[in-house]
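Order of appearance sets the numbers: ligands from 1, and atoms from 1 within every ligand.
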Amino acid sequence: MTSVQFQSASSVRSQAPHHKAKGLPRGKVRPAKDLCSDCGLCDTHYIHYVQEACAFLNQQVPQLEEQTHGRSRNLDSEDDWYFGVHQDMMAARKQEPIEGAQWTGIVSSIAIEMLTSGKVEGVVCVQNTESDRFQPMPVIARSPEAILAARVNKPTLSPNLSVLELIEQSNMKRVLVIGVGCQIQALRAVEQKLGLEKLYVLGTPCVDNVTRAGLQKFLETTSRSPETVVHYEFMQDFRVHFKHEDGSTEQVPFFGLKTNKLKDVFAPSCMSCFDYTNSLADLVVGYMGAPFGWQWIVVRNDRGQEMLDMVEDQIETQPVMSQGDRQAAVQQSIPAYDKGVTLPMWAAQLMGVVIERVGPKGLEYARFSIDSHFTRNYLYVKRNHPEKLEDHVPDYAKKIVAQYKLPE
Ligand code: FAD
Ligand code: SF4
């Protein structure tokens with residue numbers, strides 16, 4: 001376990017936007033309307049750039065890849081096509097995991113090293129409010145304790161960019177931002193306007209996010225004890241793993257999820273997202289391309305490598321692997337999801353066991369997850385926002401979707 005002890009979010013030094021700290025409602029102007037992911041940009045004066053910057057109003061992943069990494073992804077290379085521009089990929093885990101982190105705490109560890117080494121003066125990350133462990137509270141952390149207090153996913157839409165004005169006011173010139181794809185796309189679009197000397201971006205993949213109310217519905221529909229869940233993850237063994245306050249764990253097979261009840265739970269923004277792997281971060285830390293128990297690292301550029309080097313002596317690594325064939329499973333799941341088919345629990349358990357043995361692993365599991373979500377989201381945009389379909393879906397996603405036969 002880490003030597004830095006955990007402190008509650010409220011007891012550590014960090015900066016949160018005043019309106020959040022006082023619990024006042026934030027501004028309500030949301031040009032993306034129901035597609036808004038509450039990334040936080042519109043809570044700041046950078047709202048002036050929203051038409052250009054918002055991931056849901058102006059899809060510009062290839063242009064921003066070019067600006068950020070010096071090139072956009074190569075659709076003829078399968079890894080580039082699926083996972084985005086990168087110079088290295090690996091599986092990794094901390095030798096001494098951070099207690100209470102989402103996985104082994106690589107994200108928090110990198111952020112701590114970046115801050116304590118002086119490479120950055122502050123870290124944008126997400127703590128939770130005092131009264132609700134899953135209610136996100138974006139902050140600029142200026143101590144290792146404040147970074148640690150932000151560890152673990154707040155599996156809800158989080159207005160991370162709402163702290164951008166605080167960066168400006170505090171005169172910081174070197175900053176690390178931790179965030180998910182939609183937040184990072186808007187950040188990249190206004191990056192040049194922030195007046196920073198150095199911006200590092202540490203991203204996580206993200207999919208199927210929810211509002212706080214949606215999360216409650218998901219927990220109540222899926223877990224035996226929704227009130228005591230402290231952590232959950234959709235794992236590579238095709239099960240949702242819940243951890244409860246008393247340390248007990250609970251596993252629910254994907255195929256046993258009550259799809260008919262959960263169909264409307266995911267935020268419309270997430271049903272319309274094609275940036276699962278956070279294309280515009282310098283470094284991405286997830287899990288889905290790694291063997292069970294390991295984290296998946298995608299180094300997109302030299303700044304990403306510089307960040308990863310900071311924890312070189314704290315992690316063990318192994319090359320990425322890929323096993324199995326996802327395509328038949330993805331094709332079968334498309335109409336099943338569309339019709340909201342839910343298996344009885346015994347059948348779901350059995351299917352979980354079988355697919356865990358013979359199903360896709362490593363990078364092939366990541367492709368399985370990307371294919372399943374992109375086909376579902378393509379159908380969602382086609383049915384709900386047909387006028388957006390052509391411009392909103394990037395070419396790499398169209399090519400992924402074109403591998404499958406979709407219902408009308
Ligand atoms: P920790 O050291 O525990 O740090 C977690 C960091 O995440 C903190 O710094 C915190 O600021 C930040 N964070 C927490 N909640 C949010 C939020 N709502 N928005 C933005 N930042 C946040 N990985 C996959 O491979 N596949 C997935 O499908 C996938 N889905 C995800 C969905 C969500 C909503 C999130 C937030 C992450 C998802 N991830 C996914 C990433 C993965 O779950 C881990 O976050 C990642 O591997 C880092 O683990 P860690 O132990 O290093 O993180
Ligand atoms: Fe504004 Fe962000 Fe919502 Fe787009 S997603 S409307 S930029 S808050």
Side-chain angles (χ1 to χ4, degrees), residues 2 26-44 46-47 49-58 83 92-94 97-112 123-128 134-139 141 146-162 176-187 189-190 202-210 215 231-236 267 269-270 272-273 276-278 284-290 294-298 311 315 365-366 369-370 372-373:
T2 176
R26 288 175 291 107
K28 282 283 176 243
V29 182
R30 292 291 187 269
K33 302 196 178 93
D34 61 320
L35 287 184
C36 170
S37 68
D38 208 12
C39 78
L41 188 86
C42 293
D43 298 328
T44 71
Y46 297 102
I47 189 175
Y49 302 106
V50 65
Q51 293 297 339
E52 187 201 330
C54 176
F56 305 96
L57 295 174
N58 180 29
F83 310 127
R93 62 183 177 199
K94 281 206 74 191
I98 294 181
E99 187 185 358
Q102 184 68 17
W103 282 75
T104 69
I106 292 179
V107 167
S108 299
S109 303
I110 291 174
I112 289 171
V123 176
V124 174
C125 52
V126 191
Q127 298 178 349
N128 55 282
F134 290 134
Q135 183 69 50
M137 186 175 76
V139 299
I147 293 169
L148 275 183
R151 74 202 192 289
V152 79
N153 291 359
K154 271 48 86 179
T156 43
L157 301 177
S158 175
N160 282 24
L161 300 187
S162 60
L176 166 62
V177 175
I178 299 171
V180 298
C182 53
Q183 299 158 359
I184 302 308
Q185 181 173 319
L187 175 72
V190 299
L202 176 45
T204 65
C206 181
V207 80
D208 292 349
N209 215 340
V210 288
L215 175 65
H231 172 291
Y232 74 82
E233 191 74 88
F234 285 73
M235 293 279 194
Q236 303 102 316
S269 53
C270 306
S272 323
C273 170
Y276 193 170
T277 60
N278 211 328
V284 180
V285 180
Y287 64 88
M288 65 184 179
W294 291 72
Q295 294 188 254
W296 176 48
I297 312 275
V298 184
V311 295
I315 58 173
Y365 176 87
S369 196
I370 291 170
S372 307
H373 286 94

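Counting atoms of ligand 2 from 1 in the listed order, those under 4.0 Å from a heavy atom of Val50 are 1 (Fe), 7 (S). Using a 4.0 Å cut-off to heavy atoms of Ala32, the atoms of ligand 2 that qualify are 6 (S).
For atom 28 (O) of ligand 1, the closest heavy atom belonging to the protein is Tyr276 OH, 2.9 Å. Given atom 50 (P) of ligand 1, the protein heavy atom at minimum distance is Gln295 NE2, 3.5 Å. The protein non-hydrogen atom at the shortest distance from atom 31 (C) of ligand 1 is Pro205 O, 3.5 Å. Ranking protein heavy atoms by distance to atom 51 (O) of ligand 1, first place goes to Trp103 N, 2.7 Å. Scanning the protein for heavy atoms near atom 3 (Fe) of ligand 2, the closest one is Cys36 SG, 2.3 Å. The nearest protein atom to atom 33 (C) of ligand 1, hydrogens excluded, is given as Cys206 SG, 3.8 Å; this is a heavy-atom distance. The protein atom (non-hydrogen) at minimum distance from atom 2 (O) of ligand 1 is Ser108 OG, 2.6 Å. What sits closest to atom 6 (C) of ligand 1 on the protein, heavy atoms only, is Val107 CG1, 3.8 Å. Of the protein's non-hydrogen atoms, Cys42 SG, 2.3 Å is the one closest to atom 1 (Fe) of ligand 2. Summary of contacts: the protein heavy atom closest to atom 18 (N) of ligand 1 is Lys154 O, 2.7 Å.
Geometrically, ligand 1 and Trp296 share no nitrogen or oxygen pair separated by less than 3.5 Å. Considering both main-chain and side-chain atoms, Met288 comes within under 3.5 Å of ligand 1 through a nitrogen or oxygen pair. Residue-to-ligand polar distances keep Cys125 apart from ligand 1: every N/O pair is separated by 3.5 Å or more. Of the polar atoms of Ile178, none of the N or O atoms is found under 3.5 Å from an N or O of ligand 1, judged by distance alone. Here's the thing with Ser158: none of its N/O atoms is less than 3.5 angstrom from an N/O atom of ligand 1. For ligand 1, the polar-atom distance check against Val126 finds a nitrogen or oxygen pair separated by under 3.5 Å.
Contact annotation: for Leu157 versus ligand 1, there are no heavy atoms closer than 4.0 Å. By the criterion of a heavy-atom distance under 4.0 Å, both the backbone and the side chain of Asn153 are placed next to ligand 1. Heavy atoms from both the backbone and the side chain of Cys39 come within less than 4.0 Å of ligand 2. Only the side chain of Asn160 comes within 4.0 Å of ligand 1, judged by heavy-atom distances.
The shortest heavy-atom distance from Tyr287 to ligand 1 is under 4.0 Å. The shell of residues lying under 4.0 angstrom from ligand 1, judged by heavy atoms, includes Asn209. Residue contact annotation: Phe234 has no non-hydrogen atom under 4.0 Å from ligand 1. For the pair Ser37 and ligand 2, a heavy-atom separation below 4.0 Å is found. Not close to ligand 1: Pro136, with no non-hydrogen atom less than 4.0 angstrom away. Residue contacts with ligand 1: Gln183 is included, with a non-hydrogen atom under 4.0 Å away.
For atom 4 (Fe) of ligand 2, the set of nearby N, O or S atoms under 2.8 Å includes one belonging to Cys54.
Taken to the nearest 0.5 Å, the CZ atom of Arg151 stands 13.0 Å off from the CD1 atom of Ile178.
Closest non-hydrogen pair, Phe134 versus His231, comes out as CZ-N, 4.2 Å. Minimum interatomic distance between Asp43 and Ser162 (heavy atoms only, all atoms of both residues): OD2-CB, 3.7 Å.
A 4.5 Å side-chain heavy-atom check between Leu161 and Cys39 finds at least one atom pair inside the cut-off.
Note: Trp103 and Tyr287 have parallel aromatic rings, judged against thresholds of 30 and 60 degrees for the angle between ring planes.
Remark: aromatic rings of Trp296 and Tyr365 are distant, center separation not under 6.0 Å.
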